[in-house]
Amino acid sequence: MNTSRSRGRTPRTLRVAALAVLLTTGAFTPSASADSARTETPVGTSGGVTETVVRVKAPLPASFGARPAACDWLSYLRYRSSSGPASSADADRVLVAQPGILEGAGAFDSVARNTVTRAAEQGRHIEFWALDRRSNCLEDRTGIASGDQHTAVDYYYRGKQVAGRTFAGFVGNDKLGWMANLGIEQTVRDEYTLLAAELPDQGVRKDKVLCGGHSLGGVITGYFAAADFDGNPATTADAGHNQCAGYFALDTTVSTSLGDLSGSIPDDTNLPDVGLGYGVVQAGLDSGLLPRSLSAPVLLNPETMTLLAIAGVGALQNPGGEADLPSYLPANTNIEATNRFLFSKDTATFLTGSPAVKDFRLTNEAILGSLMDDQSVPLAFLQSSVGFFDGGPITDKNFPVANGSSSQPGLFGTEYKAIPAEPHGPLYTWRNYDRVGDPDDPGYRSSDGRPFTAAGKEVTDIQELARSMAGQPLDFTEQYFPTKLVTDLELATSPQVKRLVVHPDGLTANPTLTVLAGDGLLAGRVPADLHPVVADGYQHLDVLTAAPVQNNGRPEPVSTALTEFARTPR
């Protein structure tokens, strides 16, 4: 194997460390008392990076109504150099990242580690804060934190206790009344509240903080930059752009428009018709006639997003072992529909349900790859490039669209899709990103002779992806994404939303780094005037999940660009 490429793989010791973290995430010992306004809890230290989870008490206004106590706290994952200062105010830079749609803080794990490490190699100590939005407070990670896949399934689907706790069930719309007001205004207010609490000196924030995000996080950053937080536009120390020394956008742009995020919201979500107008939509959210959290029939709902994390548990627990997850899961309409959508090679297979995913022999890593890889999952905004199937014959996946014929590349992407061809046949394994193109690679091709993938198209280590999904105390996904956050942005020209853009010049008041995935949501329509860094071969999630060393032996370009941007003086 090419030595320079093998450096990018996750060492066995790191895998064990990740599993150890996973086993303890449900039983933290906070660094402050439970009634404190702030807690910071160690997650682990590896590779010179120290990770903690920070919680800051920030109660919502009474007008939001009843909500769980956990939702009066803001949380983030703090990554810093182990050899650097303990105080964030003493760091050289602090990068603060807003997640994308249906995304949580855990998704930033790899890019955060890579960036902190790269800066430390250059003698600089920076921090990376991966933010959770308030709605993540509704998630129960107890089963995932057990570190055992069967235990997790039993906890979420069979009512079995873990650590003395019983799963209360997935939260229905009737319990989400407080989220009817959780839109763009409160979201940017939360970021300001967190920054002011953690870095009380506004001069420090203006000098050291870089504000940014991934996907929808770029739009949130745009609104943050243009916001005013004291109600007096004439006093600008509180203005959003004066909390940041610069902005960064990861496969997105810093703006106040959803225009650059085509394909990030599937057509079959329960998003209400914003043509009804702001007042009608808000009344529907308040009354509960409209859904207060965003979901779709398959894959994108609390139950099936929990399955992604459970698949990650299996990939960490026993990577090369034969998976029994498809048969161990309970049979219900939601899980069955998702399995058919992801594992059907054509429409006939989807309609009949035969062969089903449980008819194939797959390793635990292959299960996770099937759920997240760009040659498997149809939805572009969920795709990463973690390698390819191995161990048996492969065939084209022509569902939900035929290979090479998508009329919606922004939604489905452009990569050809593949699926194992032989049910009840060989054990299908997973060829990690850094082994694609090796001498023993079968070089699978589609029915029209096109290679399904190549070394330059594979960038994410599947074990690092598993760690991000299942080994973090804060989730990779956002199971209860506030509907109002999207409807507010879609109604950007309404007076109720337009008034939030108090300082429009704030969008250009600071330097901006734009990093785009070469095969991501903006592929083929890169805004040249932004002079973006383009990560060739990357998919939408790869800008967060890519391994530190790429198949060409070079350092990962997203963290490299972030590190260089963090060096630039104001």
Asks: Checking Y76 now: which residues fulfil ring-ring contact (aromatic ring centres under 6.0 Å, His included) with it, not counting sequence neighbours?
Replies: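 Counting only residues at least two positions away or on another chain, Y76 forms a ring-ring contact (aromatic ring centres under 6.0 Å, His included) with W129.
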Asks: Checking E336 now: which residues fulfil salt bridge (Lys or Arg N to Asp or Glu O under 4.0 Å) with it, not counting sequence neighbours?
Replies: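 Scan of E336 (salt bridge (Lys or Arg N to Asp or Glu O under 4.0 Å), adjacent residues dropped) gives R340.
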Asks: Under the salt bridge (Lys or Arg N to Asp or Glu O under 4.0 Å) rule, collect the residues that match up with R133, sequence neighbours excluded.
Replies: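 If we apply the salt bridge (Lys or Arg N to Asp or Glu O under 4.0 Å) test to R133, skipping adjacent residues, the hits are E478.
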Asks: In chain order, what residues pass the ring-ring contact (aromatic ring centres under 6.0 Å, His included) check against F360, with sequence neighbours excluded?
Replies: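 F360 satisfies ring-ring contact (aromatic ring centres under 6.0 Å, His included) with no other residue.
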Asks: Please report the C-alpha distance between M469 and L368 in whole Å, then the side-chain angles of each, then the deciding distance to 0.1 Å, and finally whether the side chain to side chain contact (heavy atoms under 4.5 Å, CB included) criterion is met.
Replies: CA-CA 10 Å; M469 300 192 74; L368 181 59; 3.8 Å; yes
Asks: Do side-chain atoms of S344 reach the backbone of F341 as a donor and acceptor pair under 3.5 angstrom?
Replies: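 Judged by distance alone, no pair lies under 3.5 Å.
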Asks: Go through the side-chain N and O atoms of Q479 and E303 and say whether any donor and acceptor fall under 3.5 Å apart.
Replies: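 The criterion, which ignores hydrogens and geometry beyond distance, is not satisfied for E303 and Q479.
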Asks: Identify the residue among R78, R113, R80 that makes a salt bridge (charged side-chain N to carboxylate O under 4.0 Å, His left out) with E51.
Replies: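 With E51 as partner, R78, R113, R80 yield a single salt bridge (charged side-chain N to carboxylate O under 4.0 Å, His left out), made by R113.
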Asks: Please list, chain by chain and in numerical order, all residues satisfying salt bridge (Lys or Arg N to Asp or Glu O under 4.0 Å) with K397, sequence neighbours excluded.
Replies: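 Testing K397 for salt bridge (Lys or Arg N to Asp or Glu O under 4.0 Å), a comparison that skips the adjacent residues, returns none.
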Asks: Got a sec, which residues hit ring-ring contact (aromatic ring centres under 6.0 Å, His included) with Y156, two or more places apart in sequence or on another chain?
Replies: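 Residues passing ring-ring contact (aromatic ring centres under 6.0 Å, His included) with Y156: F167.
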Asks: Name all residues meeting the salt bridge (Lys or Arg N to Asp or Glu O under 4.0 Å) criterion together with D529; count only those two or more places apart in sequence or in a different chain, and write none if there are none.
Replies: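 Not a single residue meets the salt bridge (Lys or Arg N to Asp or Glu O under 4.0 Å) criterion with D529.
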Asks: What is the ring orientation for F399 with F350, classed by angle as parallel under 30°, tilted 30 to 60°, or perpendicular over 60°?
Replies: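 Because their plane-to-plane angle is under 30°, the rings of F399 and F350 count as parallel.
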Asks: Would you mind listing every ring-ring contact (aromatic ring centres under 6.0 Å, His included) that reaches into residues 434-455, with sequence neighbours excluded?
Replies: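 Qualifying pairs, neighbours excluded: F388-Y444, F388-F452.
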Asks: Sequence neighbours excluded, which residues qualify as ring-ring contact (aromatic ring centres under 6.0 Å, His included) partners of H150?
Replies: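 Y328.
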Asks: Restricting to side chain to side chain donor-acceptor pair (under 3.5 Å), what partner residues turn up for D359, sequence neighbours left out?
Replies: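 With sequence neighbours excluded, D359 shows a side chain to side chain donor-acceptor pair (under 3.5 Å) to no residue whatsoever.
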Asks: Would you please name every residue forming a side chain to side chain donor-acceptor pair (under 3.5 Å) with S385, sequence neighbours left out?
Replies: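 Only D374, D542 meet the side chain to side chain donor-acceptor pair (under 3.5 Å) criterion with S385.
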Asks: Test salt bridge (Lys or Arg N to Asp or Glu O under 4.0 Å) on R431 and D440 and set out the steps.
Replies: CA-CA 10 Å; R431 179 171 289 267; D440 65 342; 3.0 Å; yes
Asks: Give the C-alpha distance, both sets of side-chain angles, the deciding distance and a yes or no for salt bridge (Lys or Arg N to Asp or Glu O under 4.0 Å) between R435 and D441.
Replies: CA-CA 7 Å; R435 294 184 57 236; D441 188 343; over 6 Å; no
Asks: Please name all residues satisfying side chain to side chain donor-acceptor pair (under 3.5 Å) with T338, sequence neighbours left out, ordered by chain then number.
Replies: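 In terms of side chain to side chain donor-acceptor pair (under 3.5 Å), with neighbours along the sequence ignored, T338 is linked to no residue.
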